[in-house]
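Have a look at the structure below, then the notes.
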Amino acid sequence: MHALDWETMRRLLVTGGAGFIGANFVRLVAQQRPEVEITVLDKLTYAGNRANLDGVDAELVVGDVADERVVDKLVSQADTVVHFAAESHNDNSLRDPSPFLHTNIMGTFVLLEACRRHDVRLHHVSTDEVFGDLEIGADTYFTEETPYNPSSPYSATKAGSDHLVRAWVRSFGLRATISNCSNNYGPYQHIEKFIPRQITNLLLGQPAKLYGTGEQVRDWIHVDDHNEAVLAILDRGRIGETYNIGADQEDTNNRQVIEMICELMGATDDGQARFEHVADRPGHDQRYAMDANKLRRELGWSPRYTDLREGLAATIEWYRAHEEWWRAGKEEVEANYAKQGQ
Ligand code: NAD
Ligand code: DAU
């Protein structure tokens, strides 16, 4: 058992640390372990935002995770790397897969090579989407042994990145772990994503937008619970292992999530939630559901946010209070969706 990286960690490099989950992770580490020196490597794509790190004691290096020169230098100065950087949105990957190949595959490869050269511990953050999807209503879950079967260019490139990490562990003895997590929600999530898109539409008096019939099911987890699990893996995870992360919240379909948000925001007309049906996503994954028992059993992790309604209410309040954070980008995001009839 290799362990206690979290305890011995002093110089932490976080790729993608100006994005949604990465920035929440940096905030959590800065709060829990102020003695850790945190460096963020982020390209500040449309999804990255300097303001996500406002008030946090971390150095931001603006650069590309696929840039060998930058990555080699930063990795040589770190003892631990947590790899969040990715192109992360399925709908964008259907419009143009190319940046997904660059960042998710080439970026991970460049990072792996640098970690190998400098013998640095790596945690790779991945997704439940690598497993494909499950039948709605079935009593089935993704485990760490479920065969990979990705559906979109996004999930295919994440699956590829996971395979690279495993190969580097086995062939080169790299000290790495992987986590595959379900759908996150919480503060600082980009407004292209399902929950913040609906909240910000409703705040602007626009209807929420539901793809197709909205029967699809996601296994929602609060971003802080995801990041606490990553810390548990850094602390107590076994090198070479993969851990599923999920909070057992796959009993609400997309339509019901929208209805809950509308109800919490008072956005109803004659008792009906204020939403409209828009074009469905091609190849839309039907259901995700995670079996996170290995993480719970081996590492003693459990989620703090177990009531989706409460988590959504807090998230709605965050977006209400941070209009300056999301307002400027809203028109562009909606114009892109409108081109797809969404
Ligand atoms: P995000 O899109 O909000 O943030 C991604 C960050 O990576 C941004 O700050 C962006 O600027 C940066 N980035 C993109 N390309 C880069 C490059 N070439 N070099 C350096 N930085 C680059 O994504 P997120 O939702 O925070 O997801 C973070 C990670 O977690 C991703 O690896 C994603 O696959 C994984 N994940 C996300 C979820 C989810 O529900 N959002 C669930 C499971 C796993
Ligand atoms: O499961 C983990 C994955 O969750 C992560 O790997 C991805 O990075 C993250 O984006 C997320 O992927 P999804 O495709 O599940 O999330 P998204 O927020 O795009 O959509 C959630 C569901 O809501 C999905 O079934 C599509 C639907 N949807 C989405 C949008 C943006 C709508 O009905 N309306 C919308 O406007």
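Just so you know, residue 1 is the first one in the sequence shown, and it goes up from there. Counting convention: from 1, in listed order, for ligands and their atoms alike.
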Are Arg218 and Tyr185 in a cation-pi setup, meaning NZ or CZ lies under 6.0 angstrom from the ring centre and within 45 degrees of the ring axis? no
Ring centres under 6.0 angstrom apart (Trp325, Trp318): yes
Among Glu334, Glu276, Glu192, the one residue meeting salt bridge (charged side-chain N to carboxylate O under 4.0 Å, His left out) with Lys209: Glu276
Any Gly17 heavy atom less than 4.0 Å to ligand 1: no
Looking at ligand 1, does any of its N/O atoms fall within less than 3.5 Å of an N/O of Cys181? no
Atom 25 (O) of ligand 1: the protein heavy-atom neighbour that sits closest, reported with distance to 0.1 Å: Phe20 CD2, 3.7 Å
In the protein, what heavy atom is nearest to atom 8 (C) of ligand 1, and what distance, to one decimal place, separates them? Asp42 OD2, 3.6 Å
Heavy-atom proximity to atom 6 (O) of ligand 2 ranks first, among Phe131, Tyr211, Tyr154, for Tyr154
Nearest-neighbour protein heavy atom for atom 1 (P) of ligand 1, which is reported as residue plus atom name and distance: Ser88 OG, 3.5 Å
closest protein heavy atom to atom 35 (C) of ligand 1 is Val125 CG1, 4.0 Å
Give the atoms of ligand 1, by number and element, whose distance to some non-hydrogen atom of Phe84 is under 4.0 Å. 28 (C), 29 (C), 31 (C), 32 (O)
Part of Glu192 with heavy atoms under 4.0 Å of ligand 2, whether side chain, backbone, both or neither: backbone
Any salt bridge linking Arg117 with Glu113? Criterion: basic side-chain nitrogen under 4.0 Å from a carboxylate oxygen. no
Please enumerate all residues that pass ring-ring contact (aromatic ring centres under 6.0 Å, His included) together with Phe275, with sequence neighbours excluded. His277
Would one find an N or O of Ala66, backbone or side chain, under 3.5 Å from an N or O of ligand 1? no
Check if Thr15 has a non-hydrogen atom at a distance under 4.0 Å from any atom of ligand 1. no
Taking a cutoff of less than 4.0 Å between a non-hydrogen atom of the residue and any ligand atom, is His190 in contact with ligand 1? no
Considering the heavy atoms of Asp64, write down every atom of ligand 1 situated less than 4.0 Å from one of them. 17 (C), 18 (N), 19 (N)
Charged N to carboxylate O under 4.0 angstrom, Glu331 versus Arg327? yes
Side chain, backbone, both or neither: which part of Ser126 has a heavy atom under 4.0 Å from ligand 1? backbone
Any Ala23 heavy atom less than 4.0 Å to ligand 1: no
Looking only at protein heavy atoms, identify the closest one to atom 27 (O) of ligand 1 and say how far it is in Å. Ile21 CD1, 3.8 Å
How far is atom 5 (C) of ligand 1 from the closest protein heavy atom, and which atom is that? Ala86 O, 3.5 Å
Under 3.5 Å, N or O to N or O, is Lys158 touching ligand 1 that way? yes
Residue, atom and distance of the protein heavy atom nearest atom 19 (N) of ligand 1 read Val65 N, 2.9 Å
Just distances here: any N/O of Thr45 and N/O of ligand 1 closer than 3.5 Å? yes
Mind checking whether Tyr154 has an N or O less than 3.5 Å away from an N or O of ligand 1? yes
Within the 4.0 Å heavy-atom cut-off, what Phe25 brings close to ligand 1 is neither
Answer with side chain, backbone, both or neither: which part of Asn90 has a heavy atom less than 4.0 angstrom from an atom of ligand 2? side chain
Record the part of Leu44 in heavy-atom contact with ligand 1 below 4.0 Å; permitted values are side chain, backbone, both and neither. backbone
Give the atoms of ligand 1, by number and element, whose distance to some non-hydrogen atom of Ala18 is under 4.0 Å. 9 (O)
Protein contact to atom 4 (O) of ligand 1 [nearest heavy atom, distance to 0.1 Å]: Gly19 CA, 3.5 Å
Is the shortest distance from a heavy atom of Tyr46 to ligand 1 less than 4.0 Å? no
Of all the heavy atoms in Gln342, does at least one lie under 4.0 Å from an atom in ligand 2? no
Could you check whether any side-chain N or O of Asn92 sits under 3.5 Å from a backbone N or O of Ser88, counting only pairs where one atom can act as donor and the other as acceptor? no
For ligand 1 and Lys43, I'd like to know whether there is a polar contact (N/O to N/O, distance under 3.5 Å). yes
Determine, considering heavy atoms only, which of Arg197, Arg218, Arg281 sits nearest to atom 17 (P) of ligand 2. Arg281
Can you confirm whether the side chains of Asp91 and Tyr211 place a donor and an acceptor under 3.5 Å from each other? yes
